[in-house]
Colleague: 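One structure, as structure tokens, below. Some questions next.
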Amino acid sequence: MEKTNTEKDMQELINLAFAAIIQTSTELADDQLEALENLNQYCVHTSLYSPEVIKKPLKVVYKTNEELKKALVAVCLAYSLVNPRRKLRENKEFFDKNINIYQRQGNIKFIDFGEISPSTVQAAIYWDIIEDWKLYNDRECGGIKALIDEKTHLTGLNNYIRGGDPLYEFARFHRIYTEETKRQEEKSKTSAEDAFRNAVVQSVATEVTKQQLAEGKNPMEIIESLLNQVASHQPKKLEQQPTPTRQIDYRKKRPNNGQND
């Protein structure tokens, strides 16, 4: 059965929505613009299943832009929570007010970031965070649980509290996950430094031992000398001062009913 003219027009509108070219008020790298175009395509797909578009298919572009704006607010909000120089005004309402999307000729979708700092926009938009949002927002994947499982390889985040406004829930996850990642990086860095230091000490001790043996020194004296050097470099434990005990009188005082003793 051939498609009607209305169905053909609708399919053409959807194809145009998928193929929209993204331009932004803030200068972004080509890779970032590609990520935004990919996000736009995801939003087109999401909008096709919304009740509004099912009822009125011509709303597909309007609903797509609505979904795209929601995603961009979430992404900027997620970055603001990990930015040490975050301004107090950078909350959900601030980003919602300043992010606006316009349709231009030539199938161009222009994203205006308003008063949002260009450095914030440039730091907030990257492929991983957009993929995180797509997974979180996907109705079939399970929301925040799916995102936590994906990012932590099923190990979970013990100190993360789910729920609340969906945009803040996504942003809070990004904050907690970033904190945990940084802690693990610092721990790994410290372990690597300790391992390197131990390897250097062991190498030096080996060379010194070889030299002393070549000089005809007694092996047992060499071992004893090395053990003494190790012991001398061990951190000394601070002597713990006894904690003064506070004398408590457990005898109950009788009420004097307002009279002096």
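For clarity, every value in this text was computed on a predicted model and none was experimentally measured. Values reported hereafter were calculated over all heavy atoms of this structure, with side chains retained and with hydrogens, waters and symmetry mates removed.
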Colleague: Determine whether Gln11 and Asn15 satisfy the following criterion, side chain to side chain donor-acceptor pair (under 3.5 Å), listing intermediate values before the conclusion.
Modeller: CA-CA 6 Å; Gln11 187 60 54; Asn15 292 340; 3.1 Å; yes

Colleague: Less than 4.5 Å apart, any side-chain heavy atom of Trp133 and any of Leu39?
Modeller: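 Yes, side chains in contact.
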
Colleague: Evaluate the criterion side-chain contact (heavy atoms from CB on, under 4.5 Å) for residue pair Asn38 and Glu131; output intermediate values, then yes/no.
Modeller: CA-CA 10 Å; Asn38 178 274; Glu131 291 299 320; 3.8 Å; yes

Colleague: Around atom CZ of Phe18, are there more than 12 heavy atoms from other residues, nucleotides or ligands closer than 6.0 Å?
Modeller: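 Yes, CZ of Phe18 has more than 12 neighbouring heavy atoms, counting only those of other groups under 6.0 Å.
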
Colleague: Could you work out, with side chain to side chain donor-acceptor pair (under 3.5 Å) as the rule, every residue matching Tyr136, not counting sequence neighbours?
Modeller: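 With sequence neighbours excluded, Tyr136 shows a side chain to side chain donor-acceptor pair (under 3.5 Å) to Glu169, given in chain and number order.
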
Colleague: Can you see which heavy atom on Lys63 is nearest to which on Val53, and at what distance?
Modeller: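 Shortest heavy-atom separation between Lys63 and Val53 comes out as CB-CG2, 3.6 Å.
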
Colleague: Less than 4.0 angstrom from a charged side-chain N to a carboxylate O is my criterion; do Arg183 and Glu180 meet it?
Modeller: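 Glu180 and Arg183: salt-bridged.
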
Colleague: Determine the interplanar angle of the Phe173 and Tyr177 rings, folded into 0 to 90°, and report it as parallel if under 30°, tilted if 30 to 60°, perpendicular if over 60°.
Modeller: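 Rings of Phe173 and Tyr177: parallel, under 30°.
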
Colleague: Rounded to the nearest 0.5 Å, what separates atom CG in Asn98 from atom CZ in Arg89?
Modeller: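 Going from CG on Asn98 over to CZ on Arg89, the span is 8.5 Å.
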
Colleague: side-chain contact (heavy atoms from CB on, under 4.5 Å) between Ile22 and Glu34: does it pass, once the steps are laid out?
Modeller: CA-CA 8 Å; Ile22 299 293; Glu34 291 175 7; over 6 Å; no

Colleague: Are Ser80 and Leu77 side-chain neighbours, meaning at least one heavy-atom pair lies under 4.5 Å?
Modeller: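 Yes; the side chains approach each other to less than 4.5 Å.
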
Colleague: Would a distance-only check, ignoring hydrogens and angles, find a side-chain to backbone donor-acceptor pair under 3.5 Å from Thr178 to His174?
Modeller: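 Yes.
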
Colleague: Starting from the C-alpha separation in whole Å, work towards a yes-or-no answer on side-chain contact (heavy atoms from CB on, under 4.5 Å) for Ile21 and Lys109.
Modeller: CA-CA 6 Å; Ile21 299 170; Lys109 185 166 293 190; over 6 Å; no

Colleague: A side-chain contact here means heavy atoms from C-beta on lying under 4.5 Å apart; do Leu72 and Phe95 qualify?
Modeller: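 Heavy-atom side-chain distance check fails, nothing below 4.5 Å.
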
Colleague: Could Lys56 and Glu52 be called an ion pair, given the rule that one side-chain N must be under 4.0 Å from one carboxylate O?
Modeller: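 Glu52 and Lys56: not salt-bridged.
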
Colleague: Kindly give the heavy-atom pair with the smallest separation between Tyr49 and Ile54, and that separation in Å.
Modeller: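 Taking Tyr49 first and Ile54 second, the nearest heavy atoms are O-CD1, 3.7 Å.
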
Colleague: Any side-chain heavy-atom pair from Asp112 and Tyr102 closer than 4.5 angstrom?
Modeller: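 Yes, close enough: below the 4.5 Å cut-off.
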
Colleague: May I ask you to test the Leu36-Leu28 pair for a side-chain heavy-atom distance under 4.5 Å?
Modeller: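 Answer yes - side chains close enough.
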
Colleague: Taking Tyr168 for its side chain and Lys92 for its backbone only, find out whether a donor-acceptor pair lies under 3.5 Å.
Modeller: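 Yes; judged by distance alone, with no hydrogens or angles, the pair exists.
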
Colleague: Do Leu16 and Met10 sit in one hydrophobic cluster, given that two such residues count as connected whenever their side-chain heavy atoms are within less than 4.5 Å of each other, even indirectly?
Modeller: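 No, separate clusters.
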
Colleague: Take a 6.0 Å sphere around CD of Glu27 and say whether it holds more than 12 heavy atoms from other residues, nucleotides or ligands.
Modeller: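 Count not over threshold, so no.
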
Colleague: Is the backbone of Leu81 close enough, under 3.5 Å, to the side chain of Arg175 for a donor and an acceptor to pair up by distance?
Modeller: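 Looks like yes, one N/O pair under 3.5 Å.
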
Colleague: How far apart are the closest heavy atoms of Gly114 and Ser25, and which atoms are they?
Modeller: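 What the structure gives for the nearest pair is N-OG, 4.4 Å.
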
Colleague: Can you check whether Tyr160 reaches Ile144 side chain to side chain, under 4.5 Å on heavy atoms?
Modeller: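 Contact flag for Tyr160/Ile144 side chains = yes.
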
Colleague: Would you check if His45 and Thr64 make a side-chain contact, meaning some heavy-atom pair closer than 4.5 Å?
Modeller: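 No, too far: nothing below the 4.5 Å cut-off.
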
Colleague: Run Asn65 and Gln103 through side chain to side chain donor-acceptor pair (under 3.5 Å) and show every step you take.
Modeller: CA-CA 9 Å; Asn65 291 347; Gln103 294 295 137; 3.2 Å; yes

Colleague: List the residues meeting side chain to side chain donor-acceptor pair (under 3.5 Å) with Lys69, not counting sequence neighbours, and say none if there are none.
Modeller: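 Per chain and number, Lys69 pairs via side chain to side chain donor-acceptor pair (under 3.5 Å) with no residue.
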
Colleague: Within this structure, what is the CD-CG distance for the pair Glu179 and Leu157, rounded to the nearest 0.5 Å?
Modeller: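 Rounded to the nearest 0.5 Å, the CD-CG separation comes to 10.0 Å.
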
Colleague: Do Thr26 and Thr24 pair up side chain to side chain, a donor and an acceptor below 3.5 Å, judged on atom types alone?
Modeller: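 There is no such pair between these side chains.
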
Colleague: Quick one: does any side-chain atom of Arg172 pair with a main-chain N or O of Ile161 as donor and acceptor, under 3.5 Å?
Modeller: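 The answer is yes, because a donor-acceptor pair under 3.5 Å joins these two groups.
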
Colleague: Side chain of Asn40, backbone of Ala17: donor and acceptor closer than 3.5 Å?
Modeller: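 Yes; judged by distance alone, with no hydrogens or angles, the pair exists.
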
Colleague: Rounded to the nearest 0.5 Å, what's the gap from OG on Ser117 to NZ on Lys87? Could you check?
Modeller: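 Result: 7.0 Å between the selected atoms.
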
Colleague: What I want to find out is whether Asp149 reaches Lys145 closely enough, with some N-O distance under 4.0 Å, to be called a salt bridge.
Modeller: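 Looking at Lys145 together with Asp149, the answer is yes, because their closest N to O distance falls below 4.0 Å.
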
Colleague: Between Ile148 and Arg162, is any pair of side-chain heavy atoms under 4.5 Å apart?
Modeller: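 When only atoms from C-beta onward are counted, Arg162 and Ile148 do touch, with a gap below 4.5 Å.
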
Colleague: For the CD1 atom of Ile14 and the CG atom of Leu48, what is their distance to the nearest 0.5 Å?
Modeller: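 These two atoms lie 5.0 Å from each other.
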
Colleague: In terms of hydrophobic clusters joined by side-chain contacts under 4.5 Å, are Ile125 and Leu135 together?
Modeller: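 Yes; tracing contacts between hydrophobic side chains, which count when under 4.5 Å, links both residues.
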
Colleague: Between Ile99 and Cys76, which heavy-atom pair has the shortest distance, and what is it?
Modeller: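 Looks like CD1-SG, 4.2 Å.
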
Colleague: Sub-3.5 Å donor-acceptor pair from the side chain of Gln32 to the main-chain atoms of Gln122, do we have one?
Modeller: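 Pair found, side chain donor or acceptor close to backbone of Gln122.
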
Colleague: Quick one: closest heavy-atom pair of Ala74 and Leu167, and the distance?
Modeller: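 Residues Ala74 and Leu167, closest heavy atoms: CB-CD2, 3.8 Å.
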
Colleague: Is there a continuous path of hydrophobic side-chain contacts, each under 4.5 Å between heavy atoms, that joins Phe170 to Trp127?
Modeller: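 No, it is not one cluster - the side chains of Phe170 and Trp127 are not joined through contacts under 4.5 Å.
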
Colleague: Yes or no on side-chain contact (heavy atoms from CB on, under 4.5 Å) for Ile111 and Phe113, after CA distance, side-chain angles and deciding distance?
Modeller: CA-CA 6 Å; Ile111 304 173; Phe113 288 100; 3.6 Å; yes

Colleague: Would you kindly confirm whether Ile101 and Phe110 end up in one hydrophobic cluster when ILVMFWY residues are joined by side chain heavy atoms under 4.5 Å apart?
Modeller: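 Hydrophobic grouping puts Ile101 apart from Phe110.
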
Colleague: Out of curiosity, Asn107 CG to Gln105 CD, how far, rounded to the nearest 0.5 Å?
Modeller: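 Nearest 0.5 Å value for the CG-CD distance: 11.5 Å.
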
Colleague: Check Ala78 against Ile129 and note the closest heavy-atom contact, atom names and distance.
Modeller: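 That closest heavy-atom pairing would be CB-CD1, 4.4 Å.
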
Colleague: Distance check, rounded to the nearest 0.5 Å: Leu68 atom CG versus Lys70 atom NZ?
Modeller: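 One gets 11.5 Å once the value is rounded to the nearest 0.5 Å.
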
Colleague: Side chain to side chain donor-acceptor pair (under 3.5 Å), that's the test. Do Tyr42 and Asn137 meet it? Break it down for me.
Modeller: CA-CA 10 Å; Tyr42 166 79; Asn137 194 56; 3.3 Å; yes

